[in-house]
Amino acid sequence: MTAIPVAPPETRWATPKRVSLVPLVALIFFSVSGGAYGIEPLFSTSGPGMGILLILVAPLIYSVPHALVCAELGTAIPVEGGYYHWVKRGLGRFWAFQQGVLQWVCSFVDMALYPVMFTSYLSSLIGAVAPGQHVLFEVAGIQVDVNWLICVGVIVLFTLLNLMGAGWVGDSSVAFAIICLTPMLILTAIGGYHLLSDGINPVSSMTAEQGQSTWNAFGAGLFIVMWNYSGWDSVSTVAGEMENPRKHLPKALFWSVLLIVIGYLLPSLASLAVGADGENGWKSWEDGALPDIAGELAGPWLQYVVTIGGLFASVAMFSALLASYSRLPSSLSHDGYLPKWVSKESKRYKMPIASIVGSSVVYALFCFSSFQSLVIYDVFLTNIGILLEVAALIALRIREPHLERPYKIPGGWWSIGLIAACLTGVSVWAAVEQYNEEGTKAVVYSLIVVGASLLLYPLLAARKAARSSAAADRAAANGRDAGEPGPYEAYGLSGRQPDSAHSDRAADGAGTDSVEA
């Protein structure tokens with residue numbers, strides 16, 4: 001296999017503002033977590049003791065292994081498009097295409113949840129904006145109401161921010177993190193005071209109910225908590241917009257893991273001060289219960305404060321993940337699978353306008369409640385992406401042992417074997433739990449998406465080959481070698497030609513891949 005280096009991040013995106021270390025930590029924080037919002041069902045499902053244990057154990061068997069994979073691959077191949085290029089370099093074009101398409105499709109429903117989450121918190125403050133309260137009109141059985149228009153407004157606002165580049169998204173994420181974490185600090189302080197002053201043991205019960213086995217509580221809770229600890233690879237797709245990704249990415253991943261674990265642990269312990277029973281007891285906790293828990297502990301004022309924190313957390317997660325997912329169609333376009341206009345950049349900020357705006361339009365359509373049930377395929381597609389990254393890591397260790405790796409996972413093959421075992425085990429368990437919860441419908445949806453992606457590849461690859469051939473013929477007619485180096489020099493990833501697919505001057509957008517398999 002011959003590797004052709006991708007374009008250097010320093011010239012790939014000439015953005016006015018790059019992502020420095022602290023904003024990078026904030027981007028990872030919102031790509032993975034956003035705070036304790038959404039962790040509530042863990043306790044009603046598995047119990048307080050098992051819930052706290054899973055918050056501490058899940059990072060060891062899921063988050064840290066995945067973060068280590070991202071640290072090694074992200075510093076070895078620090079380019080725009082991130083994990084798409086990791087898989088392309090390690091496994092070839094076919095698997096890279098699957099990674100890019102499946103993760104982008106996975107984002108359709110996943111991303112739509114955050115504007116919906118925003119309106120859910122908003123409707124608890126302003127009842128008039130609840131879904132179905134003010135229906136404007138109906139098309140083909142789909143109701144267009146004020147709630148959906150607010151979702152669209154959120155999407156438009158943060159699409160405009162993303163069009164300015166990941167640097168601006170990162171800086172705004174720092175401000176959002178302060179706003180979101182402040183209510184959690186207040187909740188932790190008040191709940192902790194109740195625990196100490198009232199002599200409450202927050203983990204007096206290990207499981208959710210008498211008779212529930214420890215294994216059942218652990219398995220059901222792991223399925224919930226893993227999604228609150230997933231997304232460590234998301235920020236890799238904007239590596240071309242980072243300041244010194246080879247130095248900052250491992251540090252940012254380390255601090256993010258620590259911040260997220262603490263961000264779940266302390267508010268959860270404090271919230272358990274409400275006890276097991278009652279309207280807001282942990283036995284009845286569901287998604288979005290945190291504001292009510294805060295109200296139980298300190299009154300309406302803290303309920304409002306925590307609700308506002310939830311509003312900002314939901315939009316910050318949307319903004320950070322939009323920066324990540326919108327680089328996938330752009331990368332596919334640069335490699336010639338999608339039309340050239342998909343990766344066309346704005347003159348001022350050098351951002352892929354169609355890729356960002358097009359993604360946002362899809363997310364707005366999926367905000368309709370009719371499509372939200374499709375989220376059940378997200379478990380399977382996310383697992384496929386993680387396992388492809390692990391496979392790429394192993395392949396690159398074997399095929400390119402001398403590839404420069406500013407961060408290399410310590411422990412050699414023993415560590416890699418343990419990482420692969422952990423991530424494979426958790427992914428398989430999550431898939432089984434999803435099947436048990438949703439039945440064959442989840443499998444059918446996933447097979448449809450994967451099948452469509454498998455069928456698309458030969459069609460788009462053939463189109464790409466035809467355009468590359470036509471570009472070569474034109475170059476030969478003009479007396480130029482079609483394979484001569486493009487405008488970028490090697491970035492230390494190989495001693496061979498640069499990846500002309502990352503230049504807007506690639507002939508007809510047909511672009512060459514960074515991997516020849």
Side-chain angles (χ1 to χ4, degrees), residues 5-32 66-89 103 161-177 231-257 259-260 316-317 319-328 330-331 334 343 345-346 349-352 355-356 389 403-408 488-493 498-499 502 514:
V6 290
E10 286 78 9
T11 54
R12 169 66 186 92
W13 296 107
T15 53
K17 184 185 289 292
R18 291 187 175 273
V19 184
S20 56
L21 180 58
V22 174
L24 182 57
V25 172
L27 277 177
I28 298 173
F29 173 74
F30 284 115
S31 296
V32 174
H66 194 198
L68 289 171
V69 171
C70 296
E72 176 166 324
L73 293 176
T75 54
I77 311 173
V79 294
E80 201 80 354
Y83 51 78
Y84 168 79
H85 290 290
W86 302 348
V87 175
K88 182 166 66 174
R89 179 119 181 201
Q103 298 313 305
L161 177 63
N162 268 264
L163 288 171
M164 297 169 65
W168 288 98
V169 177
D171 285 356
S172 66
S173 294
V174 174
F176 288 144
W232 301 100
D233 55 356
S234 297
V235 77
S236 70
T237 60
V238 295
E241 299 167 63
M242 296 178 193
E243 288 182 0
N244 199 350
R246 290 184 153 175
K247 179 181 178 182
H248 288 167
L249 185 57
K251 293 180 180 179
L253 286 166
F254 170 80
W255 288 112
S256 298
V257 169
L259 177 63
I260 289 169
M317 287 188 283
S319 181
L321 287 168
L322 177 60
S324 169
Y325 286 125
S326 64
R327 295 337 185 242
L328 294 175
S330 177
S331 295
H334 276 294
S343 56
E345 301 167 2
S346 61
Y349 295 108
K350 303 299 181 183
M351 289 294 101
S355 185
I356 295 173
E389 291 166 18
L403 174 67
E404 183 183 355
R405 295 173 171 87
Y407 178 84
K408 189 174 183 179
Y488 298 111
E489 298 299 326
Y491 186 54
L493 305 181
D499 183 3
H502 290 267
S514 61

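Looking at Ser346, its side chain does come within 3.5 Å of a backbone N or O of Met351 through a donor-acceptor pair. Listed for the Asn162 side chain is a donor-acceptor partner under 3.5 Å among the backbone atoms of Ala323.
Between Pro245 and Ala239 the shortest heavy-atom distance is CG-O, 3.9 Å. Here the closest heavy-atom approach between residue Ala71 and residue Tyr407 is recorded as CB-CD2, 3.6 Å. Across all non-hydrogen atoms, the minimal contact from Ser173 to Phe30 is O-CE1, 3.2 Å. Between Ala76 and Arg246, the shortest heavy-atom contact is O-NH2, 3.4 Å. Residues Ser319 and Leu161 come closest through the heavy atom pair OG-CD2, 3.7 Å. For the pair Ser31 and Ser234, the tightest heavy-atom approach, listed with the atom from each and the gap, is CB-CB, 3.9 Å.
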Run the numbers on Val19 and His248 for side-chain contact (heavy atoms from CB on, under 4.5 Å), then give the verdict.
CA-CA 10 Å; Val19 184; His248 288 167; over 6 Å; no
Just do the side-chain contact (heavy atoms from CB on, under 4.5 Å) check on Leu21 and Glu243 with the steps written out, would you?
CA-CA 8 Å; Leu21 180 58; Glu243 288 182 0; over 6 Å; no
Check step by step if salt bridge (charged side-chain N to carboxylate O under 4.0 Å, His left out) holds for Lys350 and Glu345.
CA-CA 5 Å; Lys350 303 299 181 183; Glu345 301 167 2; 5.0 Å; no
Quick one, Glu389 with His66, criterion side-chain contact (heavy atoms from CB on, under 4.5 Å). Give me CA distance, side-chain angles, the key distance, then yes/no.
CA-CA 9 Å; Glu389 291 166 18; His66 194 198; 2.9 Å; yes
Apply side-chain contact (heavy atoms from CB on, under 4.5 Å) to the pair Glu80 and His334, showing each step before the final yes or no.
CA-CA 11 Å; Glu80 201 80 354; His334 276 294; over 6 Å; no
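Looking at heavy atoms from C-beta onward, Leu328 lies in side-chain contact with Tyr83 at the 4.5 angstrom threshold. By the 4.5 Å heavy-atom criterion applied to side chains, Trp232 and Val69 are not counted as neighbours. With a 4.5 Å cut-off on side-chain heavy atoms, Tyr84 and Ser236 do not count as touching. Taking 4.5 Å as the limit, some side-chain heavy atom of Arg327 sits within range of a side-chain heavy atom of Ile356. Side-chain atoms of Arg18 and Ser20, non-hydrogen and from C-beta on, never get closer than 4.5 Å to each other. With contacts defined as side-chain heavy-atom distances shorter than 4.5 Å, the pair Leu249/Pro78 does not qualify. Counting only heavy atoms from C-beta outward, the side chains of Arg89 and Leu403 approach each other to under 4.5 Å. At a threshold of 4.5 Å between non-hydrogen side-chain atoms, the residues Thr237 and Tyr325 do not count as touching.
Of the inter-residue distances, the one linking Ile260 atom CD1 with Ile28 atom CD1 reads 8.0 Å to the nearest 0.5 angstrom. Note that OG1 of Thr75 and CD1 of Ile77 are 9.0 Å apart. Values are rounded to the nearest 0.5 Å.
Looking only at atom types and distance, the side chain of Ser326 has no donor-acceptor partner in the side chain of Ser355 under 3.5 Å away.
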